[in-house]
Amino acid sequence: MRASGAQAAWLCVTPGPHVAPMVKAGIEAGVHVVAEKPWMCSKDETESLARAARAHGIRLGVHFEYCLLDAVESWRERYQDMRGLRFGGRFTVSRADRLGVPAMENLGSHLAAIHRYAVPHAEITELVCAYDAANERRVWIEEESIDFLENREPLIQRFVRRFEDSAEFPFGIEFAARVAEDLAQVMRQS
């Protein structure tokens, strides 16, 4: 990585235990790193990587593009500090699992990230995720719904711009670890 002269690396690999050493290699090479969701590293690994990144002035991110939908950003502005709201979501796809990652972890990580980013104090009342089902991508807060199945917003471009421009990038590995914890709690309660 160091020899490449790159400033950033996007790890386009299946999530798993191999991600932490790849992130560490990026940090050691002085390269900012984006990993794919879901974040599956342990709390200790996450904290160690975050400390190393801060010490080297490296930014780490996890690709939660749907948080940057206009409607989700609007929710964040209006509801971020509100309590007593109910949140739910459905993320189902017509294709089979290609990554070997359960749908709730893979697809549900997007829903849990939207929750944590935009409406963190809302109660999660329903999350449904599945492969081999009718295509649906929708979240709701109370009676207000966001359907993002057919969105045409430049989400990846927004994510990259935010990653490049923000010293306080909101979708770092510590955020991703909290999303994973939120999702694990929802799965335990189901």
Side-chain angles (χ1 to χ4, degrees), residues 1-69 72-73 76 80 89 91 97-121 124 127 129 148 153-188:
M1 282 191 208
R2 185 176 293 121
S4 74
Q7 295 178 349
W10 196 309
L11 306 179
C12 298
V13 298
T14 304
H18 53 280
V19 172
M22 294 173 80
V23 171
K24 184 177 180 190
I27 294 167
E28 291 172 354
V31 175
H32 304 291
V33 180
V34 174
E36 292 297 324
K37 57 78 197 153
W39 184 252
M40 300 174 119
C41 297
S42 72
K43 183 177 181 177
D44 290 342
E45 285 176 312
T46 300
E47 290 172 357
S48 176
L49 291 169
R51 275 192 309 275
R54 281 191 296 274
H56 288 85
I58 297 298
R59 186 171 305 123
L60 303 177
V62 176
H63 187 208
F64 289 117
E65 67 184 61
Y66 294 118
C67 290
L68 298 174
L69 286 160
V72 172
E73 292 283 14
R76 181 176 166 85
Q80 183 179 27
F91 198 141
D97 173 18
R98 299 177 304 183
L99 303 176
V101 178
M104 186 58 88
E105 290 178 43
N106 183 24
L107 307 174
S109 66
H110 280 302
L111 303 176
I114 290 169
H115 171 265
R116 176 154 287 280
Y117 179 67
V119 290
H121 301 294
I124 297 175
L127 293 184
C129 299
F148 55 102
E153 297 177 43
L155 300 179
I156 294 173
Q157 294 88 334
R158 288 177 187 169
F159 182 90
V160 169
R161 191 172 324 114
R162 197 100 174 250
F163 185 73
E164 290 176 337
D165 296 344
S166 177
E168 297 297 321
F169 183 69
F171 311 114
I173 62 172
E174 292 162 310
F175 172 86
R178 288 190 297 275
V179 166
E181 289 170 12
D182 293 347
L183 206 48
Q185 182 177 348
V186 167
M187 290 188 297
R188 281 192 300 271

Step by step, would you call E65 with F171 a side-chain contact (heavy atoms from CB on, under 4.5 Å)? CA-CA 9 Å; E65 67 184 61; F171 311 114; over 6 Å; no
Measuring only between side-chain heavy atoms, which start at C-beta, is I173 closer than 4.5 Å to W39?
yes
When you measure from the side chain of H110 to the backbone N and O of N106, does any donor-acceptor pair fall under 3.5 Å? no
Checklist line | Residues V33, L11; criterion side-chain contact (heavy atoms from CB on, under 4.5 Å); working and verdict | finding: CA-CA 7 Å; V33 180; L11 306 179; 3.7 Å; yes
Output for pair (R59 CZ, E164 CD), nearest 0.5 Å, gives 9.0 Å
Here the gap from L127 atom CG to H115 atom NE2, rounded to the nearest 0.5 Å, amounts to 8.5 Å
Between K37 and E105, is there a salt bridge with N-O shorter than 4.0 Å? no
query = Is the distance between the ring centroids of F64 and F175 less than 6.0 Å?
reply = yes
4.5 Å side-chain heavy-atom contact, V13 and M22
yes
| request: Give the intermediate values and the outcome of side-chain contact (heavy atoms from CB on, under 4.5 Å) for residues F148 and L69. | output: CA-CA 8 Å; F148 55 102; L69 286 160; 3.4 Å; yes
Salt bridge (Lys or Arg N to Asp or Glu O under 4.0 Å) pairs touching residues 40-53, sequence neighbours excluded, are none
Residues pairing under salt bridge (Lys or Arg N to Asp or Glu O under 4.0 Å) where one sits in residues 7-22, two or more places apart or in two chains, turn out to be none
Residues L183 and A112: closest non-hydrogen pair is CD1-CB, 4.0 Å
Heavy-atom closest pair (C67 atom, I114 atom, distance to 0.1 Å) is SG-N, 3.7 Å
So NE2 of H56 and CD1 of I27: to nearest 0.5 Å the spacing works out to 8.0 Å
Q.
Assess the residue pair L111 and C129 against the criterion (side-chain contact (heavy atoms from CB on, under 4.5 Å)); give the C-alpha distance rounded to whole Å, side-chain angles, the decisive distance to 0.1 Å, and a yes or no.
A. CA-CA 9 Å; L111 303 176; C129 299; 3.7 Å; yes
Smallest heavy-atom separation, A35 atom then V19 atom, equals CB-CG1, 4.2 Å
To the nearest 0.5 Å, atom OG1 of T46 lies from atom CZ of R178 at 10.5 Å
One should read off an interatomic distance between E36 CD and L99 CG, to the nearest 0.5 angstrom, of 9.5 Å
Minimal heavy-atom distance between G57 and H32, with the atoms involved, is O-CE1, 3.5 Å
Margin query: Between R54 and E174, does the salt bridge (charged side-chain N to carboxylate O under 4.0 Å, His left out) criterion hold? Intermediate values first, please.
Written below: CA-CA 12 Å; R54 281 191 296 274; E174 292 162 310; 3.4 Å; yes
When every non-hydrogen atom of M40 is compared with those of G16, the smallest separation belongs to SD-N, 4.0 Å
ask   = Taking the six-membered ring for Trp, are F163 and F159 parallel (under 30°), tilted (30 to 60°) or perpendicular (over 60°)?
value = parallel
Check: Y117 main-chain N/O paired with R76 side-chain donor or acceptor under 3.5 Å: yes
Smallest heavy-atom separation, L60 atom then F169 atom, equals O-CD2, 4.1 Å
For the pair R162 and E73, find out whether any cationic side-chain nitrogen is under 4.0 Å from an anionic carboxylate oxygen.
yes
One should read off an interatomic distance between I124 CD1 and Q185 CD, to the nearest 0.5 angstrom, of 8.0 Å
